[in-house]
Structure formats: structure tokens, C-alpha cells
Amino acid sequence: MMFDDNLGMYAEEIDGVIFVFEDEPEEGFEEQIQPIANNYWCNLSHIIEFMMSDLEEVYEPIDAEIVKKKLGRPFIDFNNGR
């Protein structure tokens, strides 16, 4: 776990998902965030499907694969659940 000066928070990357914490998490925090990282990748298609109608309302019809590429690296603020 490292403190990221740019974010002003502690940050850890698990399976390509970046997690940030306001305070340094307790030992063993990886056991809590590993399932979240797994769930993100398992549900990414569902997440994109949920977002599509709003995206298309703003940007015109768009392909889900393009959305997946444009999302970039997932970033989860653990303390506020976003």
C-alpha cells in the first residue's frame, strides 16, 4: 500500500482495478478488495449495458466495445463505495 501524493489518498491496484482509501487500511484489506475487483471484471458487460441508454442519449448510438475501451482503468474509492 502506497500513499499517492497526486490523489492525496492511499492506493492499491488489484487485478487492474485501482482502489483508493482515505486512511491506510488495516492488514488483510486485500481479502476485502479482491472479490470487488473480480466482480468488476465479471460484470463489466452488465455495467456497460446499464450505461448505454444514457451514453447514447448524449453521444449518439455507440458500440459497447468502444465504451469498454474508453472507460480506461477502473478506479474505486473504497471509503465512499464509488
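Computed from heavy atoms alone, side chains included, the values below leave out hydrogens, waters and symmetry copies. As the structure is a computational prediction, the values presented were derived from the model and not from experiment. Counting from 1, the numbers follow the sequence of the chain as shown.
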Could I get the full list of side chain to side chain donor-acceptor pair (under 3.5 Å) partners for Arg82, not counting sequence neighbours?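 Per chain and number, Arg82 pairs via side chain to side chain donor-acceptor pair (under 3.5 Å) with no residue.
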Please enumerate all residues that pass side chain to side chain donor-acceptor pair (under 3.5 Å) together with Gln32, with sequence neighbours excluded.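 Per chain and number, Gln32 pairs via side chain to side chain donor-acceptor pair (under 3.5 Å) with no residue.
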Quick one: list whatever passes side-chain contact (heavy atoms from CB on, under 4.5 Å) with Asp63, sequence neighbours left out.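 side-chain contact (heavy atoms from CB on, under 4.5 Å) check on Asp63 returns Glu65, Ile66.
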Could you list the cluster mates of Ile18? Members are the ILVMFWY residues connected by side-chain heavy atoms closer than 4.5 Å, either directly or through other members.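 Hydrophobic cluster check, Ile18: joined to Leu7, Met9, Val20, Phe75.
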Per the salt bridge (Lys or Arg N to Asp or Glu O under 4.0 Å) rule, what does the pair list look like for residues 8-27, sequence neighbours excluded?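 As it turns out, the salt bridge (Lys or Arg N to Asp or Glu O under 4.0 Å) pairs with a partner in residues 8-27, which skip direct neighbours, are Glu13-Arg73.
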With Tyr40, which residues qualify under ring pair (Phe, Tyr, Trp, His ring centres under 6.0 Å), at least two apart?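 Result, ring pair (Phe, Tyr, Trp, His ring centres under 6.0 Å) vs Tyr40: none returned.
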Residues two or more places apart in sequence or in another chain: which of them pass ring pair (Phe, Tyr, Trp, His ring centres under 6.0 Å) with Phe29?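 Once residues adjacent in sequence are excluded, the partners of Phe29 under the ring pair (Phe, Tyr, Trp, His ring centres under 6.0 Å) criterion are Phe21.
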Side-chain polar contacts of residues 43-60 - donor-acceptor pairs under 3.5 angstrom, sequence neighbours left out - could you list them?
residue : atom : partner : partner atom : Å
Asn43   : ND2  : Asn39   : O            : 2.9

Compare every heavy atom of Gly16 with every heavy atom of Pro74, then report the nearest pair and how far apart it is.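 Between these two residues, the closest heavy atoms are CD-O, 3.4 Å.
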Show the nearest heavy-atom pair for residues Pro25 and Met1, with the distance to one decimal.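 The answer is CG-CE, 3.5 Å.
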